[in-house]
Amino acid sequence: MKKQRKLNGGAKMGFLFALPAAIYMMVFIGYPMIQNLILSFKNVDVYSFAQPDNQVFVGLQNYIELFTSGNSILTKSIANTLIFTVGSIFFQFIIGFALALLFNKKFAWLLPVTVAGLLFKFMFASSGGIINQFLVSLHIIDQPMEWLLHPKSAMVAIIVANIWIGIPFNMMLLITGLTTIPAEVYESCSLDGANKIQTLVMVTIPMIKPAIMSVLT
């Protein structure tokens with residue numbers, strides 16, 4: 001009975017610790033999602049957005065128009081989202097994993113998102129940007145490019161910036177997974193004649209699979 005009470009007390013304490021995060025999620029994520037879902041069934045524009053009384057309920061009409069009118073904006077939005085997400089995650093994971101293997105110790109660096117955004121804005125600037133100066137000096141381009149003013153080059157720029165921002169987070173999570181692998185495991189692999197690639201594929205990656213799934217998620 002005492003053991004059961006102790007378990008119940010631990011569970012209650014766990015819920016209390018999780019409560020602030022749950023409240024944050026409900027207020028800043030749950031409420032906006034529900035509000036957007038409700039708005040999707042109404043005819044809302046810039047003028048009526050802040051005036052609920054002037055919002056007309058139209059049911060599924062918005063969805064019907066969205067999927068039957070050949071909306072190029074929807075197609076472009078989905079394509080850009082996929083390009084941005086896949087491009088960012090792929091390089092963040094690969095580079096983060098490589099650096100985690102290289103710096104498998106207490107080492108990391110972080111740069112605030114706002115600072116990184118301003119940094120890359122100046123780096124990709126059409127006038128005086130270091131990217132343009134570097135490419136011009138190597139004679140790869142003849143004149144500075146307007147990276148942030150064209151859809152394709154702007155997508156490249158924001159993916160590069162997002163990769164840079166996400167690498168430390170990926171690296172720290174993967175390093176945490178690497179530190180849980182006992183040194184004896186690598187010693188056994190060495191004695192069995194496994195090379196570095198075999199050890200990486202057959203031992204390291206399977207043993208840090210939970211960390212990899214967390215990073216990719």
Tell me whether N195 contacts the main-chain N or O of I197 through its side chain, where contact means a donor paired with an acceptor under 3.5 Å. yes
Is a side-chain N or O of N62 found less than 3.5 angstrom from the main chain of K42, in a donor-acceptor match? yes
Parallel, tilted or perpendicular, as decided by the 30° and 60° cut-offs, for the rings of F124 and W147: perpendicular
L138, V136, I131 screened by side-chain contact (heavy atoms from CB on, under 4.5 Å) with F134, the one that passes: L138
Which distance, rounded to the nearest 0.5 Å, do you find between the CG of L99 and the CD1 of I94? 11.5 Å
Give the cluster check for F120 versus L149: same hydrophobic cluster or not, with ILVMFWY residues linked at side-chain heavy-atom distances below 4.5 Å. no
Side chain of S153, backbone of H150: donor and acceptor closer than 3.5 Å? yes
Criterion side-chain contact (heavy atoms from CB on, under 4.5 Å) on M155 and F84, from CA distance to verdict: CA-CA 7 Å; M155 176 64 74; F84 176 78; 4.0 Å; yes
T199 side chain to Y186 side chain, donor-acceptor N/O pair below 3.5 angstrom: no
Take the angle between the ring planes of F93 and F97 and call it parallel below 30°, perpendicular above 60°, tilted in between. parallel
Identify the two heavy atoms, one from V201 and one from P206, that lie closest to each other, and give their separation to 0.1 Å. O-CD, 3.2 Å
Quick check for you: to the nearest 0.5 Å, what is the distance between E65 atom CD and L74 atom CG? 13.0 Å
Counting distance only, does the side-chain N/O of S190 pair as donor-acceptor with the main-chain N or O of E187 below 3.5 Å? no
Can N132 and M145 be said to form a side-chain contact (heavy atoms from CB on, under 4.5 Å), step by step? CA-CA 7 Å; N132 277 327; M145 292 179 57; 3.7 Å; yes
Cluster link I205 to F90, ILVMFWY, side chain under 4.5 Å: yes
N162 and S88: side chain donor to acceptor below 3.5 Å: yes
